[in-house]
Number of protein chains: 4
Amino acid sequence: MAKVSQAHLEARRRSILEAAARVFSQKGVAAATMAEIAQEAGISPGAIYRYFASKEELAREGMAGPAEAVKAAWEHPEQVETGFAELSRATFAALELPGADLDTRLLLERALVAARDEDAALLDEFGAELGRILRGVAYLLRRDYGERLEGYDVEGLAQALYSFYWGARFVQLMAPGAPGPVRQLEAVQRLMAAAFGPQEGPAERS
Amino acid sequence: MAKVSQAHLEARRRSILEAAARVFSQKGVAAATMAEIAQEAGISPGAIYRYFASKEELAREGMAGPAEAVKAAWEHPEQVETGFAELSRATFAALELPGADLDTRLLLERALVAARDEDAALLDEFGAELGRILRGVAYLLRRDYGERLEGYDVEGLAQALYSFYWGARFVQLMAPGAPGPVRQLEAVQRLMAAAFGPQEGPAERS
Amino acid sequence: MAKVSQAHLEARRRSILEAAARVFSQKGVAAATMAEIAQEAGISPGAIYRYFASKEELAREGMAGPAEAVKAAWEHPEQVETGFAELSRATFAALELPGADLDTRLLLERALVAARDEDAALLDEFGAELGRILRGVAYLLRRDYGERLEGYDVEGLAQALYSFYWGARFVQLMAPGAPGPVRQLEAVQRLMAAAFGPQEGPAERS
Amino acid sequence: MAKVSQAHLEARRRSILEAAARVFSQKGVAAATMAEIAQEAGISPGAIYRYFASKEELAREGMAGPAEAVKAAWEHPEQVETGFAELSRATFAALELPGADLDTRLLLERALVAARDEDAALLDEFGAELGRILRGVAYLLRRDYGERLEGYDVEGLAQALYSFYWGARFVQLMAPGAPGPVRQLEAVQRLMAAAFGPQEGPAERS
DNA sequence: TATGAATGAGCGTTCATTCAT
DNA sequence: TATGAATGAACGCTCATTCAT
């Protein structure tokens, strides 16, 4: 029963995690009850404790951000074929998919928890991720716009774009009726196109 | 302890609100206890209920966003002497003041609560505020950049800038070490300057 | 200020007691709050404590049964001119006056309190009152029906009539739509008339 | 402690109800605490809430009058073999059993609560029960005494007898030393016998 | 190993009582 | 002496956690 169990155990663990994420994002970590999570996962409350030592641990793991595929792309830009514009567009388009708001809520709550507890580990993780993504953004900017970035604070610009991304998520959550992420991005891209000169820029590539 | 002046009562009320804001932003609304808030305010738990009917009401009022002066400026741009660039700078500079993070936490939690409960009132309020600010941003953009905005989706751009602002707040909270709001803004302003043509643009105004 | 105060003090004390009786009979002793009673009495909560040491004392005194005039008549039947039938009728007719239910509630609650706490004093008081009234009822029965009561357990009958009175109060409270006290009494009097022979009985008197 | 049988659950529920009835009748519903009831039932306070949603619900169910067998007899007089006199005697005799006072207290408190809150449901229930019993009493009176009731307000008389019953309960609670229910009833029955003529009356039946 | 009834600490809230004014 | 804001113990209730089954 040993080896097979191992796989089952892992599956069960993941299913609890997913149930928890659903409940957390809907109600918030504090308001969610273990009983609810158990029901969502289709097991008994007591069983959860075979897989997670406490609600806190479950929250910590259950809020570990959704493994966004797009994130990986930004973190490893060398392996990315598409240009900055296309990747941006895909990233922002994903925000308009159903379910994005749930992720945003979870991410925000997670951020809040980290900021409140001065949870160094979580904060560091976020910082590290930010660093990787920033590097990716800057890399792609440089690759696509080359010397036309001369005189620009590319890191500052990359950070601004990253902020813009988070802000778009946030506003989308709070005011679904406002101009959506994609429309915002288009306005920004028009700006960048104008700033970095004739459309040849990114087009040169290929 | 009878017949305390109206002013005293008001002061007490405000002091409770401030204590609550501190505790809420530190621990989150759900985790904060009335006992803690009372202690922070230097009174007994029961006394709070002379001023606020419930924890929920206290949370509602205690999280009512700090009356940011800057916000007013964006909402009434006709009365604003300074240009778009200057106002932006002031707005972002304020984010680097101490205490900004506290506000951001409170605002985020408030947003989360609203989004979770589908609290129509709060959501509407946010949406209305967003609308006013967007109008202000667009107004200032048009006033400062005039016909050079020809062909631009000014509303989309305004929304993008607003998103950028929120994102900057968020990132600042989560990764204090990253390029700060002001540096990000400078990069964006450089971009806008390049896009909207020779520096004369905003300068024309005088 | 001394002598005049004395009268005022007594008046104030009584007004508190009346306010308390009103609130107690409406909400019950446990649910009534000192603040409510104070408001009803038109004073401040703190002031009550100048006149009564505690809520319990206030309850004890405030529930001291309404000084029913009829009760006095039954307790001192020698001074009563009217016959048993007339006094009974007056007694039951009073139950159909507005306000009777409020008294009934208060009396019932008081009874409950006494029965619960095995409050010997209150229980004794009720017992003593019962004794006096029973004696009065028996006295009037014997005076009015004379030897026709031969062979009857007059004390048992008197007690039954007293029970009937209380039961009528109780049912009136719980089921206002049922045949009222007076109608019930009439049925009983018809029964007594039939049992004790030709109407001459009480009529002989004069 | 999982998968306890349905029977166990039912038993536990009933034991809580019994504990509650004991405490309620001893202290009154308002003064009784959940902790006390829990202790009386031999469980923890929290456990009660698996069986009852609130103290109020517990009170509602815990005060649901003891399913008196006698009551059923009065409500379905057609199925009753015994005559009015015998059934009355059984009913009043039951009042002298130990435990009757406990029930009376509970019933009185329940009545008070209903009257205070103007609890329409409870009041209606009481009214409906009263109606059924009254019908039963009148039915039995007519069956046993037949045409000798000519000229009587049978409904009024039935109601008077019902009031008498409640009053006897009440007085018994408050003044245990007074002539007991059975003795009172005997006096009343003597009266009825005298009023309705020669003993043949009920005897005719056979 | 899973269950889910039970625990009990801790929460929000109330209110009798006190006491500075 | 009256006021009424403040106290703080105690309540009803919740729920993370435990453990007998």
Side-chain angles (χ1 to χ4, degrees), chain A residues 1 5 8-9 12 30-39 42-59, chain B residues 1-5 8-9 12-13 30-38 41-59, chain C residues 1 5 8-9 12 30-39 42-59, chain D residues 1-5 8-9 12-13 30-38 41-59:
Chain A
M1 175 203 283
S5 283
H8 278 332
L9 258 37
R12 174 76 55 118
T33 71
M34 294 300 266
E36 253 172 331
I37 295 168
Q39 186 171 45
I43 58 171
S44 70
I48 296 182
Y49 289 83
R50 293 232 150 246
Y51 300 89
F52 302 91
S54 66
K55 187 185 178 184
E56 198 187 325
E57 184 181 315
L58 184 55
Chain B
M1 208 177 259
K3 283 265 122 118
V4 165
S5 79
H8 272 43
L9 257 34
R12 174 80 74 166
R13 195 184 145 87
T33 72
M34 294 302 265
E36 251 172 332
I37 295 170
I43 57 172
S44 71
I48 297 182
Y49 290 85
R50 283 202 148 277
Y51 300 89
F52 303 92
S54 65
K55 187 185 177 183
E56 198 187 325
E57 184 181 314
L58 185 55
Chain C
M1 171 207 286
S5 283
H8 278 333
L9 257 38
R12 174 75 56 117
T33 70
M34 293 301 265
E36 253 172 331
I37 295 169
Q39 187 171 43
I43 58 170
S44 70
I48 296 183
Y49 288 84
R50 293 233 150 245
Y51 301 89
F52 302 92
S54 66
K55 187 185 177 184
E56 199 186 325
E57 184 182 314
L58 185 56
Chain D
M1 208 176 260
K3 281 267 125 117
V4 166
S5 80
H8 272 42
L9 257 35
R12 173 81 75 167
R13 194 185 147 87
T33 72
M34 294 302 267
E36 253 172 330
I37 295 170
I43 57 171
S44 71
I48 297 182
Y49 290 85
R50 282 202 148 277
Y51 300 89
F52 302 92
S54 64
K55 186 185 177 182
E56 198 186 326
E57 184 181 314
L58 185 55

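All values reported here derive from a predicted model rather than from experimental measurement.
In this structure, CD1 of Ile37(C) is placed 13 Å from C1' of dT17(E), rounded to the nearest angstrom. Residue Lys55(A) contributes atom NZ, which lies 11 Å from atom C1' of dT14(F) at whole-angstrom precision. Summarising the geometry, the separation between CE on Met34(A) and P on dA2(E) is reported as 15 Å, rounded to the nearest angstrom. Across the protein-nucleic acid pair, Arg13(D) atom CZ and dA6(E) atom C1' stand 17 Å apart, rounded to whole Å. Rounded to whole angstrom, the span from the CZ atom of Arg50(D) across to the P atom of dT3(E) amounts to 14 Å. Atom CD1 in Ile43(A) sits about 11 Å away from atom P in dG4(E), given to the nearest Å. Distance, Glu36(C) CD to dA16(E) C1': 13 Å, rounded to whole Å. Per the geometry, OH belonging to Tyr49(D) stands 9 Å off C1' belonging to dT14(F), to the nearest Å.
Rounded to the nearest 0.5 Å, atoms OG1 (Thr33(A)) and NZ (Lys55(A)) are 7.0 Å apart. For the atom pair OH of Tyr49(A) and OG of Ser44(A), the computed distance is 11.0 Å after rounding to the nearest 0.5 Å.
Residues Pro45(A) and Ala35(A) share a closest heavy-atom pair of CG-CA, 4.4 Å. Taking every heavy atom of both residues into account, Ile43(C) and Arg12(C) meet most closely at CG2-NH1, 3.1 Å.
Among residues two or more places apart in sequence or in another chain, the side-chain hydrogen bond (donor to acceptor under 3.5 Å, both in side chains) test is passed with Glu57(C) by none. In terms of the side-chain hydrogen bond (donor to acceptor under 3.5 Å, both in side chains) criterion, residue partners of Arg13(B) (sequence neighbours excluded) are, by chain and number, Glu61(B).
Residue Ser44(A) places at least one side-chain N or O under 4.0 Å from the OP1 or OP2 atom of dT3(E). Taking side-chain N and O atoms only, Arg12(B) has a distance below 4.0 Å to OP1 or OP2 of dA6(F).
Of the two residues contacting DNA chain E, namely Tyr51(D) and Pro45(B), the nearest-nucleotide position lying further toward the 5' end is that of Tyr51(D). Residues Ala35(D) and Ala30(A) each lie close to DNA chain F; by heavy-atom proximity, the contact nearer the 5' end of the strand is made by Ala35(D). If Ala53(A) and Ala31(D) are placed on DNA chain F by their nearest nucleotide, the residue sitting closer to the 5' end is Ala31(D). Nearest-nucleotide assignment on DNA chain E puts the 5′-proximal partner with Gly42(A), out of Ala47(B) and Gly42(A).
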Quiz item: How does DNA chain E read in dot-bracket, base by base from 5' to 3', with Watson-Crick or G-U pairs under 3.5 Å and | used when the partner is on another strand?
Solution: .||||||||||||||||||||

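In this structure, Tyr51(D) and Leu9(D) have side chains that are in contact, with non-hydrogen atoms separated by less than 4.5 Å.
The residue Phe52(A) sits apart from the nucleic acid: no heavy atom pair falls under 4.0 Å. Among the atoms of the strands shown, only primed sugar atoms or phosphate atoms (P, OP1, OP2) are found under 4.0 Å from some heavy atom of Ala32(B). Across all strands shown, Ile48(D) has no heavy atoms under 4.0 Å from either base or sugar-phosphate atoms.
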